[in-house]
Amino acid sequence: MSERDDTTAATPPGSGDGATTSAATATAETPAPPAESTTADGGAVTAPAPSAIGGEGGQLRTLLSVPFGWILDDPILLKELRAAFRRRRFLVAMTSLLSLTALVLLIAIFMWTEQGGSNNRPDPTKIGRTVFFAFSVIQAIVTFLVFPAFSCMSITEERSNKSFDLLITTCLPAHRIVRGKFLASFVYCFTFMAATLPLVSLAFLFGGVTPSDIALTYLAQGVSAALVTAFAIFASSACGTTARAIVLTYLGMWPFYLVIFGPLGAMIHYLVIAPLAGDQASVELLDSYSTANKTLLVVGPVGFLVFVFVLLFCLAVNRLKPLSGNKSTALRILFVLFVIFGLAMGVAFAELNHETVGIEELAPTKPTHEWLEKIKAAERSRSDLIRSLFRIVALVLVAGAIVFTGEEGELPRRIAERLGRLRGPWRVLSIFYPGDRNGLRFITWITLLVVPAVTLYSLYRIGLIDDAASGWRPGGEAVAWSCLWLIAFVLFVAQLGHFLSPVIRHGVYTRLWIVFPLVAATIYPVFWFMIGSHDVPSRIYHAYYLSPALVDYSAWSEPQSWNQRSLYMTGPTGEEIRIERDRLLVPEEGVGAPGRRPSPTYRYQDDPRTRTAEARALQLARSGVPVHAVSTLVYALLAIALALWNGVIVARLWGAPPKTGRPRAPPAKEKPSSAEGAAPDGASDAATEAAPDAPADAPADTKPDAG
């Protein structure tokens, strides 16, 4: 096919330059069958296809079609690239960006070479590092501010051109449409990155920059461009108009940058920025890491960003799927993989931290005070690590409970039929199917598997701190209470979502109604805790037992003095503890002002009576029922109550027939007697099979057509 014919096939008649629709090119061209010729003995000889031996790009296309066939045969990608590269704005944008980058680099070179005058020239290697750093900053600005504009309108333009309905009715599935849109936008961005390679070579004129620095910088920019493009594609699929897509893209980018590019920024800082900027502290810290630590520093952020990219891709695909499509299975599989990856990274980091703090050092013959303090500091560091691991697990499981139990309960007929075919051991796979009931079972089994596993590892690795002055609870007690509370809280959130789903019957609104009480239960007790008195035990209306933040603080920390009683529900007040402490102390005679009662002065802390009084006061301060114990009981009772209300203790937890949107069949009517002129049994059964979906309110004398 010639270039003109190819252009004509890609551009519908009557459309302008670059204004073609994706639906016009959604159907891939089928190659012509090979020509056959007949030999003298009548045998058939098949001649090779013309495109394989000649023609325009035939051999190259044949060689590349094996590893890159899924790219070369993508009609969405080919259409988008043909339309984009023929537009005038591509030439203008590319020329403007390259000119601006070159201008900034030339200004940076001029400023640093002229610094200090002609007699005191700066170090050329420092100039090279500075120029390369300026180039990296320009690339980051272009990636975060310009690249989103290339992809945030990719799907909304289909709606504005009235071609979106034609696009989704083609034979292309939703994931191929999103993949083609993403690849087209990413190739657009990659073209600019490749065009800047001659500019970065200016840094080699001065030295100080290695090829590995350039490779890592371009790798970081490629990962950033892929994530930014995926987020913009998702925003374009979620919005109905181009203006909304642009606003959502650029407003949602800032929290997206803070959450996503934190790990990537830390990795780039230690690997690229710190050596170029001469940050000796960061360089020495990186050099002190072992090979395993350096590997973890790269694998952890990269793996996390890969999961974020796949999540954005799946969300964009779900926006293009029909209402009867399966929008949950891919997300649940991704959730399981993310939990496994996160636990593996957490365990690896804990093990490396265990080797770093030096717990395995042999104790000296006579333990010194410094050695004991080092051991306590290492154990507290490990306790902080385990505490952070429980927090991350809690956030992930609660987010999964909100997302998967907030789905609509009525399944489409196709998914319900596919779910009904699962028999025997394959019935376990039903937890990966959509629906609030399957979501409840899914998050229940994930919680019952993950939380005990984290608990067992924590008990194996945590330091059992039991120092009255440390302010920490014993490690085993803190881990056990954290495990029980986390299971109760996650099951409560899951049961709440399953309770609200059939009432609200809307996935987004159901999840919002789950989030609202959780946010209120977290913030309201913290407000009371900040303005209230810590001298008395908490009251029921304070609701300290409902806040996950206060429960976490109570499960791992103990009161440091007699006036920190607010995280206990019962027990003496701070005033009663002070009276008991003063009674145990023996005051000495003090000298007061004339006419006034002398003020007592107590003995020093090294006095045995003083130590006894302080120990008694601290014992009374740590008596009563702590908030985390009350919270565990409350959330467990709420989860059980909701489970009884939902009826999921046995029937639904172990698998029940799914709910579908298909209306129920009308109840069977009694057959009239033969005396009333009724048809025979065989004729009645045949009529029933001929019209199985007859309406329930049909007249009694209406009979189905015999034909």
Side-chain angles (χ1 to χ4, degrees), residues 376 380 383-384 387 391 465-475 477-478 480-482 484-485 488-489 519-588 590 592-593 596-635 637:
K376 290 180 181 180
R380 293 191 187 100
S383 298
D384 290 337
R387 185 179 181 181
R391 290 174 179 175
I465 303 175
D466 195 6
D467 187 6
S470 64
W472 293 90
R473 295 188 183 276
E477 177 184 350
W481 277 114
S482 299
L484 295 176
W485 179 85
F489 184 72
V519 173
T522 303
I523 297 178
Y524 171 76
V526 174
F527 172 77
W528 272 106
F529 184 77
M530 295 175 62
I531 67 173
S533 174
H534 300 285
D535 194 30
V536 295
S538 62
R539 303 291 186 260
I540 296 179
Y541 59 86
H542 291 161
Y544 291 168
Y545 48 87
L546 295 180
S547 176
L550 296 180
V551 168
D552 177 77
Y553 180 74
S554 173
W556 290 86
S557 303
E558 288 186 328
Q560 297 297 302
S561 61
W562 51 268
N563 60 345
Q564 297 180 359
R565 296 289 300 153
S566 56
L567 293 180
Y568 285 84
M569 294 292 293
T570 59
T573 62
E575 181 65 21
E576 295 173 350
I577 297 174
R578 187 183 65 80
I579 293 174
E580 178 68 15
R581 173 178 172 272
D582 294 344
R583 187 181 65 82
L584 295 176
L585 288 174
V586 178
E588 295 180 348
R596 294 186 179 181
R597 184 178 179 182
S599 58
T601 59
Y602 300 103
R603 299 180 183 273
Y604 295 102
Q605 292 294 332
D606 56 354
D607 188 272
R609 297 179 181 178
T610 304
R611 291 197 298 268
T612 302
E614 294 293 341
R616 177 59 179 167
L618 191 60
Q619 180 184 3
L620 291 175
R622 297 178 177 180
S623 62
V625 182
V627 167
H628 60 270
V630 179
S631 178
T632 303
L633 180 61
V634 169
Y635 280 118
L637 293 177

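- Of the inter-residue distances, the one linking Ser566 atom OG with Leu550 atom CG reads 8.5 Å to the nearest 0.5 angstrom.
- Annotation: cation-pi pair Arg539/Tyr541 absent, no NZ/CZ under 6.0 Å from the ring centroid and within 45° of its normal.
- Under the side-chain contact (heavy atoms from CB on, under 4.5 Å) test applied with Thr632, the options Tyr545, Phe489, Trp481 reduce to a single match, Trp481.
- Taking the six-membered ring for Trp and the full ring otherwise, the centers of Trp528 and His542 sit less than 6.0 Å from each other.
- At a threshold of 4.5 Å between non-hydrogen side-chain atoms, the residues Arg622 and Tyr568 count as touching.
- In this structure, the side chain of Ser554 does not engage the main chain of Val551 through any donor-acceptor pair within 3.5 Å.
- The nearest pair of heavy atoms linking Ser482 to Ala478 is OG-O, 2.8 Å.
- The ring of His534 has its center closer than 6.0 angstrom to the ring center of Phe529.
- Side-chain atoms of Glu576 come within 3.5 Å of backbone atoms of Thr573 as a donor-acceptor pair (strictly under, hydrogens ignored).
- Side-chain atoms of Ile540 and Met569, non-hydrogen and from C-beta on, do get closer than 4.5 Å to each other.
- Under the 3.5 Å distance criterion, the side-chain polar atoms of Tyr544 are left unmatched by any main-chain donor or acceptor of Ser631.
- Within the 4.5 Å cutoff, side-chain heavy atoms of Arg565 are placed close to those of Pro572.
- When all heavy atoms of Ser557 and Arg387 are compared, the pair lying nearest together is OG-NH1, 4.4 Å.
- Atoms CG and CG, from Leu633 and Leu484 in turn, are 11.5 Å apart once rounded to the nearest 0.5 Å.
- Taken from OH in Tyr524 to OG in Ser547, the straight-line distance is 12.0 Å, to the nearest 0.5 Å.
- Note that CD of Glu580 is 6.0 Å distant from CG of Leu620, once rounded to the nearest 0.5 Å.
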